[in-house]
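Comments concern the structure below.
Computed from a predicted structure; not experimentally measured.
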There are 2 protein chains.
Amino acid sequence: MTYGDITISLDSASGVPFYRQVIQHVEHAILAGRLLPGDRLPTIRSLAIELKINPNTIAKAYGELEIRGIVITQVGSGTYVSDRKPTAPEDGLPAKIDETVARFIRDMAALGVDRASAVELVRNHKEDRTCGS
Amino acid sequence: MTYGDITISLDSASGVPFYRQVIQHVEHAILAGRLLPGDRLPTIRSLAIELKINPNTIAKAYGELEIRGIVITQVGSGTYVSDRKPTAPEDGLPAKIDETVARFIRDMAALGVDRASAVELVRNHKEDRTCGS
DNA sequence: GTCATTGTACTATTCATCTAATACAAGATT
DNA sequence: AATCTTGTATTAGATGAATAGTACAATGAC
């Protein structure tokens with residue numbers, strides 16, 4: 001059972017939902033070339049066991065990746081990387097992203113930060129800490 | 001009982017919490033010069049009755065505005081516009097702001113959006129829908 | 001066809017957020 | 001001081017997101 005070169009770890013203290021962390025790891029692996037089109041992702045179950053979380057959480061992540069066309073799932077076979085690359089906010093702006101941006105802008109406004117300032121803060125922010133893989 | 005020139009309306013279909021809509025209306029009124037320093041805001045109760053929502057919701061809005069120094073509340077007297085204008089992130093980048101930015105960047109990363117794209121999304125985000133004044 | 005493996009669907013629990021109901025305390029007015 | 005008006009505090013209900021528990025259905029290997 002060989003999967004693409006993907007190692008996923010979760011940080012329960014980060015505040016980022018598990019399923020989103022999984023999505024992030026997969027996308028980074030794809031963008032880094034560690035996962036190629038056609039590569040098979042770890043099984044929902046195997047990943048769930050390895051990460052000690054519920055299969056549904058992995059399923060949710062894979063499901064969202066599939067909606068975005070980044071992976072293709074085949075019942076009985078597995079989940080595979082498609083040709084479509086992640087990080088393409090141009091085509092249709094998935095509602096989730098738009099929502100996150102809207103929320104951020106609201107939150108910043110609630111903190112007394114206007115749009116232009118927020119833009120600069122995002123651009124200049126340092127301290128990455130996500131995804132050490 | 002004269003209040004500053006402020007008219008607040010709520011859109012329950014917008015998805016934006018009432019208390020946040022109130023905050024935005026007040027801020028916009030201040031920035032537009034319809035509310036001046038020293039002006040008295042509508043009473044928590046009167047606004048609650050007018051908008052047909054619970055006083056606590058108004059109190060929450062006013063409370064947040066006070067934390068930001070935008071208004072000053074005086075028990076028994078009312079809530080007044082202070083000198084401090086909204087949108088003033090100058091003084092030292094409160095931890096809360098930094099935290100919000102960090103979280104946003106993480107969330108966007110989790111959605112497959114890199115930093116540069118996130119910056120652009122924030123800059124170009126439209127959809128104000130609140131406060132048509 | 002049989003059976004293990006894979007993804008899927010349905011339900012429940014937990015937790016945070018928003019709003020409300022209601023009682024309380026402090027200042028203003030007389 | 002009495003009392004009305006103002007903001008405050010405490011508690012509870014409603015909703016939605018995230019995760020888990022568990023059963024189901026489709027595919028593949030034999």
Separation of atom [atom1] in [X] from atom [atom2] in [N], rounded to whole Å:
| X | N | atom1 | atom2 | answer |
| --- | --- | --- | --- | --- |
| A:Asp11 | D:dT19 | CG | P | 12 Å |
| B:Ile72 | C:dA26 | CD1 | P | 20 Å |
| B:Leu41 | D:dT5 | CG | C1' | 16 Å |
| B:Lys52 | C:dA20 | NZ | C1' | 16 Å |
| B:Asn56 | C:dT19 | CG | C1' | 8 Å |
| B:Ile44 | D:dA9 | CD1 | C1' | 12 Å |
| A:Ile58 | C:dT6 | CD1 | C1' | 14 Å |
| B:Ile53 | C:dA21 | CD1 | P | 11 Å |

Are OP1 or OP2 of [N] and a side-chain N or O of [X] less than 4.0 angstrom apart?
| X | N | value |
| --- | --- | --- |
| B:Tyr19 | C:dC18 | yes |
| B:Thr57 | C:dA20 | yes |
| A:Thr79 | C:dT6 | no |
| B:Arg40 | D:dT6 | yes |

- Message: So, taking the atom named CD1 in A:Ile53 and the one named CD in A:Gln21, what distance separates them when rounded to the nearest 0.5 Å?
- Response: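 The distance works out to 9.0 Å.
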
- Give, for atom CD1 of A:Ile44 and atom OH of A:Tyr62, the distance between the pair rounded to the nearest 0.5 Å.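 Between A:Ile44 CD1 and A:Tyr62 OH, I get 7.0 Å after rounding to 0.5 Å.
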
Choose from [options] the nucleotide whose nearest atom is closest to any side-chain atom of [X].
| X | options | result |
| --- | --- | --- |
| B:Asn54 | C:dC18, C:dA21, C:dT8 | C:dA21 |
| A:Ser77 | D:dT8, D:dG28, C:dT19 | D:dG28 |
| A:Arg45 | D:dT19, C:dG7, D:dT6 | C:dG7 |
| B:Phe18 | C:dA20, D:dA20, C:dT19 | C:dT19 |
| B:Val75 | C:dA20, C:dA25, C:dC18 | C:dA25 |
| A:Pro17 | C:dT19, C:dA20, D:dA18 | D:dA18 |
| B:Thr43 | D:dT6, D:dT19, D:dT8 | D:dT6 |

[X] side-chain N/O to [Y] backbone N/O, donor-acceptor pair under 3.5 Å:
| X | Y | result |
| --- | --- | --- |
| A:Ser77 | A:Gln74 | no |
| A:Ser82 | A:Ile70 | yes |
| A:Arg84 | A:Arg68 | yes |
| A:Glu64 | A:Ile23 | no |

- Could I get the full list of side-chain contact (heavy atoms from CB on, under 4.5 Å) partners for A:Ala48, not counting sequence neighbours?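 Once residues adjacent in sequence are excluded, the partners of A:Ala48 under the side-chain contact (heavy atoms from CB on, under 4.5 Å) criterion are A:Pro55, A:Ile58.
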
- Message: Could you check whether A:Lys85 pairs with A:Glu27 (Lys NZ or Arg NE/NH1/NH2 to Asp/Glu carboxylate O, under 4.0 Å)?
- Response: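 So A:Lys85 does not pair with A:Glu27 through a salt bridge.
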
- Select from A:Lys60 and A:Gln74 the residue whose nearest nucleotide in DNA chain D is closer to the 5' end of that strand.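 The 5'-side residue here is A:Lys60.
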
- Query: Given axes from five pairs at either end, by how many degrees does the helix from C:dG1-D:dC30 to C:dT30-D:dA1 bend, rounded to 10°?
  - Reply: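 Comparing the first five pairs with the last five, the axes sit 10° apart.
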
